[in-house]
Enquirer: 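I'd like to ask some things about the structure below.
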Amino acid sequence: MKAPVTVTVTGAAGQIGYALLFRIASGDMLGKDQPVNLNLLEITPALGALEGVCMELNDCAFPLLNAINPTDDANKAFDGCDYGLLVGAMPRKEGMERKDLLSANGGIFGPQGKALNAGASRDVKVLVVGNPANTNALIASANAPDLDPSCFNAMMRLDHNRAMSQLAEKTGTATTDVNHVVVWGNHSSTQFPDLYQATVGGSAALSKVDENWYKEDFIPTVQQRGAAIIKARGASSAASAASAAIDHMRNWALGTADGEWVSMGVPADGSYGIEPGIMFGYPCTCSGGKYEIVQGIELNDYAKAKLAATEKELREERDAVAELLG
Ligand SMILES: NC(=O)c1ccc[n+]([C@@H]2O[C@H](COP(=O)([O-])OP(=O)(O)OC[C@H]3O[C@@H](n4cnc5c(N)ncnc54)[C@H](O)[C@@H]3O)[C@@H](O)[C@H]2O)c1
Ligand SMILES: O=C(O)C[C@H](O)C(=O)O
């Protein structure tokens with residue numbers, strides 16, 4: 001049996017937390033041979049609700065769940081952290097854009113970055129889910145100067161999975177037939193869900209759907225899916241968000257399949273003309289616990305304009321939180 005690793009989840013008593021913790025504890029994220037310690041961070045008023053979640057985790061008698069440590073102290077929660085899922089943040093309501101949450105949520109991620117810097121494993125993998133995820137990930141990373149920026153990711157995987165599912169449904173195929181979908185840029189309505197490289201059953205996706213559907217239906221549907229869920233449920237996505245977080249972390253930790261691309265929000269490094277200073281959704285592959293941005297994709301003028309629009313929004317978000325960047 002492997003030695004346990006420590007997984008820290010913030011916002012553990014929230015709706016995503018409730019869908020996420022049981023899957024981590026059952027081995028869906030890190031494998032059925034990997035015991036875990038769960039460090040669960042909440043704000044003080046939510047500790048009572050968190051205690052109930054801990055009781056339920058215990059009641060599952062998960063073979064892989066080695067220890068549960070609930071706390072309202074970020075330094076304790078991130079001490080020895082190997083994997084951090086930064087979920088705790090306010091969700092948006094109908095009519096808001098995710099960036100409208102920056103003033104409410106941005107302040108959460110500086111102190112958590114500092115706590116990670118102080119106590120986490122030096123090759124910790126941190127996935128920021130709380131919105132606006134890309135800019136919150138930037139804030140956390142900027143406040144953790146001793147951790148490599150590549151330790152921090154923002155979640156684009158829900159958008160990626162949404163794009164896969166929309167394409168599979170339209171073409172009457174399974175999501176397992178779909179590959180090389182990319183969601184570039186921000187986890188926001190400026191994101192660019194890109195099908196130019198995508199394949200369905202090995203053939204070009206855009207030979208199977210018409211361009212009008214791609215540009216006028218598919219792209220807005222994926223961009224606006226979060227808002228559509230809020231409208232329908234009266235609450236933002238939770239189980240699908242948790243599932244995407246599991247997928248992202250599993251691939252990052254255990255690798256992607258041969259030839260598989262996944263969309264990850266990672267520090268921009270100049271790839272595709274996106275200069276450093278923002279967390280940008282890119283196509284990635286993973287192996288040996290590291291991600292790599294897929295290189296060599298030819299972008300047409302339409303794609304270049306879409307990348308420029310989402311980059312512009314991310315730079316504006318960055319400017320809006322300049323004082324939080326350490
Ligand atoms: N990136 C994505 O794809 C994606 C998808 C869905 C939701 N989200 C975002 O995830 C966040 C959480 O969503 P939810 O539905 O679980 O919300 P929720 O309100 O149900 O839960 C959030 C929890 O975070 C806790 N919290 C607040 N501040 C905290 C702090 N400083 N430290 C620790 N915990 C804290 C709250 O007490 C609450 O229990 C929201 O910002 C939402 O918009 C992102
Ligand atoms: O849309 C939201 O605010 C929640 C989440 O980011 C989503 O994409 O479902």
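Just follow the structure's listing: the first ligand is 1, and inside any ligand the first atom is 1. Because only heavy atoms are used, hydrogens play no part in the values below, and waters and symmetry mates are left out as well, while side chains stay in.
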Enquirer: Please check whether S237 reaches ligand 1 - meaning an N/O of the residue sits under 3.5 Å from an N/O of the ligand, judged on distance alone.
Expert: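 Not met; the criterion fails.
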
Enquirer: Is there a heavy atom of G130 sitting under 4.0 angstrom from any atom of ligand 1?
Expert: yes

Enquirer: For ligand 1, does L158 get within less than 4.0 Å through its side chain, its backbone, both, or neither, judged by non-hydrogen atoms?
Expert: side chain

Enquirer: Show which atoms of ligand 1 fall inside a sub-4.0 Å distance from at least one heavy-atom site of A241.
Expert: 5 (C), 6 (C)

Enquirer: Can you figure out which of M156, R162, R233, R225 has its heavy atom closest to atom 7 (C) of ligand 2?
Expert: R162

Enquirer: Nearest protein heavy atom to atom 6 (O) of ligand 2, by residue and atom, and its distance?
Expert: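 Closest protein heavy atom to atom 6 (O) of ligand 2: H187 NE2, 2.6 Å.
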
Enquirer: By number and element, which atoms of ligand 1 are closer than 4.0 Å to a non-hydrogen atom of H187?
Expert: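 Answer for ligand 1: 1 (N), 2 (C), 3 (O), 4 (C).
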
Enquirer: Quick check on side chain to side chain contact (heavy atoms under 4.5 Å, CB included): which of N69, D59, L47, I68 does C54 satisfy it with?
Expert: I68

Enquirer: Provide the number and element of each atom of ligand 1 under 4.0 Å from a heavy atom of G11.
Expert: 23 (C), 24 (O), 25 (C), 33 (C), 34 (N)

Enquirer: Is it the case that ligand 2 has an N or O less than 3.5 angstrom from some N or O of S236?
Expert: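 Such a contact does not occur with ligand 2.
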
Enquirer: Check ligand 1 against V87 and write out every atom of the ligand that is under 4.0 Å from a heavy-atom position of the residue.
Expert: 10 (O), 11 (C), 12 (C)

Enquirer: Below 30° counts as parallel, above 60° as perpendicular, anything between as tilted: where do the rings of F22 and Y18 land?
Expert: perpendicular

Enquirer: For ligand 2, which atoms have a heavy atom of R92 less than 4.0 angstrom away?
Expert: 1 (O), 2 (C), 3 (O)

Enquirer: Please identify which atoms of ligand 1 are closer than 4.0 Å to at least one heavy atom of A13.
Expert: 39 (O)

Enquirer: Taking all heavy atoms of D148 and all of S150, pick out the closest pair and write down the distance.
Expert: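 Shortest heavy-atom contact: OD1-OG, 2.7 Å.
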
Enquirer: Got R23 and M29 here, is their nearest side-chain heavy-atom distance under 4.5 Å?
Expert: no

Enquirer: Any carboxylate oxygen within less than 4.0 angstrom of a Lys/Arg side-chain nitrogen, looking at K76 and D79?
Expert: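 No, this pair does not count.
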
Enquirer: Taking A174's backbone N and O only, do any of them form a donor-acceptor pair with D177's side chain (distance below 3.5 Å, no angle check)?
Expert: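 Indeed, once roles are kept as given, a pair shorter than 3.5 Å links the two residues.
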
Enquirer: Give the atoms of ligand 2, by number and element, whose distance to some non-hydrogen atom of G226 is under 4.0 Å.
Expert: 1 (O), 7 (C), 8 (O), 9 (O)

Enquirer: Using a strict 4.0 Å cut-off to heavy atoms of R98, name the atoms of ligand 2 that fall inside it.
Expert: 1 (O), 2 (C), 3 (O), 5 (C), 6 (O), 7 (C), 8 (O)

Enquirer: Is the backbone of S188 close enough, under 3.5 Å, to the side chain of Q191 for a donor and an acceptor to pair up by distance?
Expert: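 Such a contact is found between Q191 side chain and S188 backbone.
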
Enquirer: Can you name the side chain to side chain contact (heavy atoms under 4.5 Å, CB included) partners of S271, sequence neighbours left out?
Expert: D269, Y282, I293, Q295

Enquirer: Note the single closest protein heavy atom to atom 19 (O) of ligand 1, along with its residue, its atom name and the distance in Å.
Expert: P91 CD, 3.5 Å

Enquirer: Given that the side chain starts at C-beta and the backbone is N, CA, C, O, which of these parts of I108 lies under 4.0 Å from ligand 1, counting heavy atoms, or is it both or neither?
Expert: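 The answer is the side chain of I108.
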
Enquirer: Minimum distance, heavy atoms only, to atom 32 (N) of ligand 1: which one of M90, M96, E42, Q112 is it?
Expert: Q112

Enquirer: Among L86, V129, I43, which one puts a heavy atom closest to atom 44 (C) of ligand 1?
Expert: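 Nearest option to atom 44 (C) of ligand 1, by heavy atoms: V129.
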
Enquirer: Check each atom of ligand 2 against the heavy atoms of S237 and keep those under 4.0 Å away; list them by number with element.
Expert: 5 (C), 7 (C), 9 (O)

